[in-house]
Structure formats: C-alpha cells, structure tokens
Participant: 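Submitted below is the structure of interest, expressed as structure tokens.
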Amino acid sequence: MDEDKDFTLFRGRVLREGSGVARPLVRRHRFSTRLWHWVNALVILVMAMSGLMIFNAHPRLYWGAYGANDDPAWLEFGAWTDAAGVNHGGITLLGHTVETTGVFGLSRGADGAELALAFPGWMTLPSTYDLALARSWHLAFAWGLAVGLAAYLLWSLVNGHIRRDLHITRAEWSPRSIACDVVDHLRFRFHDGAYGVLQKLAYAGVLFGLLPLMIASGLALSPGMDAAAPWLLDVLGGRQSARSLHFLGLCGIVLFVVVHLAMVLASGPINQLRGMITGHKREGGGP
Amino acid sequence: MISRPTLSRRGLIAGGGLLLSGCDRIVRQPTVAGWVEGAAGLHQPAQRLLLGRDALAREFREADMSPTFRSNGNTEGDAAWAAHAAEGFARWSLRVDGLVKRPLDLPLTALKAMTQRRQITRHDCVEGWSAIGQWQGPQLGQVLAMAGLMPTAQFVVFHCADKTDEAPYYESIDLVDAFHPQTILAWAMNGRELPLEHGAPVRLRVERQLGYKQAKYVMRVEVRDTLAGLYGGKGGYWEDVAGYQWYGGI
C-alpha cells in the first residue's frame, strides 16, 4: 500500500529488489546535466584541495570585517609541543580543543618528517606548502565553477529541468511526504525515475544555495571585488565572515558529496554511473 | 622537529628532492601549469571591467579599527636605513626617477607638507587575515604629477630598504592604480608616525590589492616602461621568489 502511495506522490517508481524481469534501458540524464556533473566534479575536487592549501596559510577563522593573529578566532587548527617534547596537532572550536595528531594540525610529509599544517599534504593541492600555486589553481578553476554553474542553471531553466525535475511541489513540502521519504531512505528503498523530495532538497540546496554562496563568499575575499561590489560584504557580514562562510560552505559541499556517493553506492553504483555517463540506465535500481 | 609553514615556504621553492605525488606531477607539468597561469591573465581585465578606474575601497570608522595591527614580512631595513632611522629620518629623502621629466628628492618634511589623504582601510594579507588601520600621506598621483611622466611610462616600481637573504624587496603597480585616489605614500599610521616595523619612513598603500603589494620602507619610486630586466622580471619580490600573482586584486 505504501508503495502505491509513493508511486503517485513522487511520480516515480519504488525500487523492487529481485523482480527478475528484464529491465529496459530508460533515458535518465540530459547531456547538459551529464556534462556539468563531470566537469563540476573535477572543478570542485581541484577547488576544495587547493582551497585547503590556501587555508593552511592562515588556519584561523573569524567573524566580522577584520581578524588576524591577535584577534579571537572561532576555529583554529594548530600544533604544539608538550612537556615531554612530543608534538601534537589539534583543532580548537569555540575554545574547545580536540586532538587530531597525524591528520589535522600535525601530519607527516612524504619524507616522514612532522609538519605543522592544518590540513595534511594528501588532502591539498599541491601536496606541499605552496600558497601561490594553490591560488593560481583555485582562481583558474573558479572560472569553471562560476561560468559552469551560470550556464547550467540558465540551460536548465530553458529546457525545463528545474521546473520538471527539481521544483518541489506543495504536496512534497508536507511533513508527511518528507517523513515518508526519510523512512524510505532508512529502509534503503530508493526512488527510480523522478527525484524524491529529499533528493530535490539536496540538489536544489547545492545548486541554489551552497554553490552560489561559495562563489559570492569567494568573490568577497578579493579586495578588488570589494571595491567593485561593496554590497557583497554588507550581505556576508565583512571579509572575515565571508572567509568563515566560505569554509563552512566547503564543509556543506563535502557533506553533500559524502551522502551523494553513499546513496550512489547504496542504490546500484554501476547502473547509476551508466546513467550519468551514457544518459541511459536500466529501469529500476540495482547494479 | 616541527617545520613551520613560513620556513617551508622558502625551503620548498627549490622543491628538489621531494617525493611528489601523482597529483603534484600534473600540477607541475609545464603545459598544465602554463594553462593555469594563463587563466590568471583573465583575472585582471575581468576585474578592471567591473571595477573601473576609480571605484574606491571601503573606508571604515575609527570604531571599526583592529585593536592591534600585526606587522608582517620584514620588520626592519638595511644598514643605510638603520642609520636614517637612528636620526628619525631627518636627512632621508624619497627618490623619484626613471621615466619622469623632473627627477625628485623629497624629504619627509616635503611629503608631509603636500595635500594629505587620510583613510581607514582594510589590509588583506594573501594568507587570509585582515586588519583595519588608518593611513595618512600624499597621493602617489600628486608626487608623480610633480615629477611629470614621460609618454612611455607604464609602471611605477617601489624600491625598498628591506632585504630577505640579500634579495631586496620591491613591488610595482600600473598607472591605473598609481593614480587611484586612495593610492598614497603613507608616513603615518593610526594617528602617529609610521612605526619602524610597519615600514617607516614611508610605505605604499594601494587599497584595492593584497598585502604583499603594500611595499614598506620605500626608498625610491621608479617609473618604467617595462618590468622586464628588473630583478626576476616579474614585478615584485614575492612574484619573483614564490610565484605570487603580480595583480594582487584577487
């Protein structure tokens, strides 16, 4: 009974495992979606890794217009040496320090030497401290992020992708429908065809929330942009707030990617990959 | 032992002997590197298009100023500078030369006697931190107008008294930023004479760019038609030794 309800509610199909019926190939993703997805995956990977390298240059975050070493930081990555001469790394959030030796604050380089770096080399681009090179990569790929997102949103508006696939209907906004989708996810029952409400929320949140926030807060870090568009700082609450939001936005993107990949794995990764590469996938879920 | 990032920054410029991961091999691959650096050529024209010549950096109120304004980079000049500092820069003068009609030697008293601009602005270090301070001095454009630019003038170079491993600090900007109303030769900071660690007697303030462009300990202002042939040829100390972008607006 529940399944029928879901069927009408989400205009999609509920995965029926082991149905044994030969499943035909169905159209899944448009070319524009597939192109943007893979270009963006690369762009975001490069921007995240080079961004972490840039963060390593000053691993402290503040709220407001200014913030430097003498000002209180709400988040700080650091390294210290104890009385026995042993080095430690840690993260201090709102005055509470958590030891993260080996990963954050203190890690080992390729030659085994201890390095006082906020994020370890294996997470950053390049893997060794090079602020200038990381900035070159970050800023070059920022064009790909901004131009790519603008073009994709515009095209998705024109071809109806936003209206048809991402628009959350009034019925879907109801707590009951959201609760239904949560329960389905907990039971590992995934919607095939049309997106479920949680999926729409996640994708719309990234497209219209997180990525625009990353672009706006990134632009606000540029002193030239601040002269050209001072309202950016008014909206974001000052340059150091913008820097904090830029970092928190990255945390949001990382969370999205982790959940996104987990969902792909849980709902038949081969079939999902096929859908995002060729545009067609087997009807229903599973590999 | 913990290697400080500030130490490793210099140590890694040579880059030799380090085991580079696959990612790094791509990053350092000349074609890829050339493509990425080439994108940097887009940044300045795109930003200038949005910015125009005269858009001002935000100016703040006294209440918005940082309680402490940290000093960064070198905190003193060379021996000749130290001798001037010991005399309170009484016999010091700023040399203005290169592609100008009338080379000048301007003592500190002359700079103080010119029309002054006072501005409370945000200093943004390339590393990520910001500090808000008050700066005062004559507009660079005023000084350049006194000297009179030759028609071939393209860049203004600031030669500084501070050195790192024998390499003198220097910086350069184009004429758009040189004649920007907020570009000043600051001899005062936060209402008093520029402290020694902040670049006394005079430092550049070019408010729409990052901290490394704000040359301290400015001894000589040279007007040039090209940056080629000057030190490493990239227009600044950090540009030469660490590959920082010459245009520091981003």
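The chains referred to below are lettered A, B, ... by the order of the sequence lines, with proteins before strands, and numbering in each begins at 1. All heavy atoms count here, side chains included; hydrogens, waters and symmetry mates do not.
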Participant: Side chains of A:Trp137 and B:Val32, heavy atoms from C-beta outward: is any pair under 4.5 Å?
Facilitator: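 They are in side-chain contact.
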Participant: More than 12 heavy atoms of other residues, nucleotides or ligands under 6.0 Å from CD of B:Glu59: yes or no?
Facilitator: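 Buried by this count: over 12 neighbours within 6.0 Å.
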Participant: Is any side-chain heavy atom of B:Tyr244 less than 4.5 Å from a side-chain heavy atom of A:Leu131?
Facilitator: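 Yes, their side chains come closer than 4.5 Å.
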Participant: Please find the pair of heavy atoms, one from B:Trp129 and one from A:Gln240, that lie closest to each other, and give the distance.
Facilitator: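 For B:Trp129 versus A:Gln240, the nearest heavy atoms are C-NE2, 3.5 Å.
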Participant: May I ask you to say whether A:Arg243 pairs ionically with B:Asp124, meaning some side-chain N is under 4.0 Å from a carboxylate O?
Facilitator: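 No.
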Participant: Considering only heavy atoms, which portion of A:Phe141 lies under 4.5 Å from any heavy atom of chain B: side chain, backbone, both, or neither?
Facilitator: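 Interface part for A:Phe141: side chain.
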Participant: Taking the six-membered ring for Trp, are B:His43 and A:Trp143 parallel (under 30°), tilted (30 to 60°) or perpendicular (over 60°)?
Facilitator: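 Because their plane-to-plane angle is under 30°, the rings of B:His43 and A:Trp143 count as parallel.
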Participant: Within a strict 4.5 Å, meaning less than it, do heavy atoms of the B:Arg58 and A:Asp234 side chains meet?
Facilitator: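 Yes, at least one pair of side-chain atoms sits under 4.5 Å.
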Participant: With a 4.5 Å cut-off on heavy-atom pairs, point out which of A:Gly67, A:Gly238, A:Gly85, A:Ala68 contacts chain B the most.
Facilitator: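 Highest number of heavy-atom pairs under 4.5 Å: A:Gly67.
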Participant: If I measure from the heavy atoms of chain B, does A:Leu219 come under 4.5 Å with its side chain, its backbone, both, or neither?
Facilitator: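 Contact with chain B involves no heavy atom of A:Leu219 at all.
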Participant: Using 0.5 Å steps for rounding, measure from the CG atom of A:Leu133 to the CD atom of B:Glu37.
Facilitator: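 These two atoms lie 7.0 Å from each other.
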Participant: Please classify the contact between B:Phe60 and chain A as side chain, backbone, both or neither, with a heavy-atom cut-off of under 4.5 Å.
Facilitator: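 Contact with chain A: side chain only.
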Participant: Measure from the side-chain N and O atoms of A:Asp70 to the backbone N and O of B:Thr68, and report whether any donor-acceptor pair falls under 3.5 Å.
Facilitator: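 Checking the backbone N and O of B:Thr68 against the side chain of A:Asp70, no donor-acceptor pair under 3.5 Å is found.
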Participant: If you count heavy-atom pairs under 4.5 Å between each of A:His58, A:Arg60, A:Met49, A:Met225 and chain B, which one has the most?
Facilitator: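 Top count of heavy-atom pairs under 4.5 Å with chain B: A:His58.
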Participant: If you measure from CG on B:Asn72 to CG on A:Asn69, what distance do you get to the nearest 0.5 Å?
Facilitator: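 So the gap between those two atoms works out to 8.5 Å.
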Participant: Would you name the heavy atoms of A:Pro223 and B:Gly248 that are closest together and state the gap between them?
Facilitator: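 Distance-wise, the nearest heavy atoms are CG-O, 4.0 Å.
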Participant: Taking A:Ser222 as the fixed residue, which of B:Ile250, B:Leu210, B:Leu51 is the one that meets the side chain to side chain contact (heavy atoms under 4.5 Å, CB included) rule?
Facilitator: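 Output: one option passes, namely B:Ile250.
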Participant: Do you know which two heavy atoms are closest between B:Ala55 and A:Ala227, and how far apart they sit?
Facilitator: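 Smallest interatomic distance, heavy atoms only, reads CB-O, 3.8 Å.
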Participant: Does any heavy atom of chain B fall under 4.5 Å from the side chain of A:Leu125, the backbone, both, or neither of them?
Facilitator: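 For A:Leu125, the contact with chain B is made by the side chain alone.
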Participant: Would you give the length of the straight line joining atom OG of B:Ser130 to atom OH of A:Tyr66, rounded to the nearest 0.5 angstrom?
Facilitator: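 The OH atom of A:Tyr66 is 11.5 Å from OG of B:Ser130, to the nearest 0.5 Å.
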Participant: Decide yes or no for B:Gln245 and A:Ser136: does some side-chain heavy atom of the first lie under 4.5 Å from some side-chain heavy atom of the second?
Facilitator: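 Side-chain contact under 4.5 Å: yes.
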Participant: Would you call B:Arg70-A:Asp71 a salt bridge at under 4.0 Å N-O?
Facilitator: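 A salt bridge is absent here (no side-chain N lies under 4.0 Å from a carboxylate O).
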Participant: Looking at chain A, which one of B:Cys125, B:Pro67, B:Ala46 has the largest number of heavy-atom pairs inside 4.5 Å, strictly under?
Facilitator: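 Between B:Cys125, B:Pro67, B:Ala46, the count favours B:Pro67.
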Participant: I'd like to know if A:Asp226 and B:Arg208 make a salt bridge, using a cut-off of under 4.0 Å between side-chain N and carboxylate O.
Facilitator: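 B:Arg208 and A:Asp226: not salt-bridged.
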Participant: For A:Trp155, I'd like to know if atom CH2 has over 12 heavy atoms of other residues, nucleotides or ligands within 6.0 Å.
Facilitator: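 No, not enclosed.
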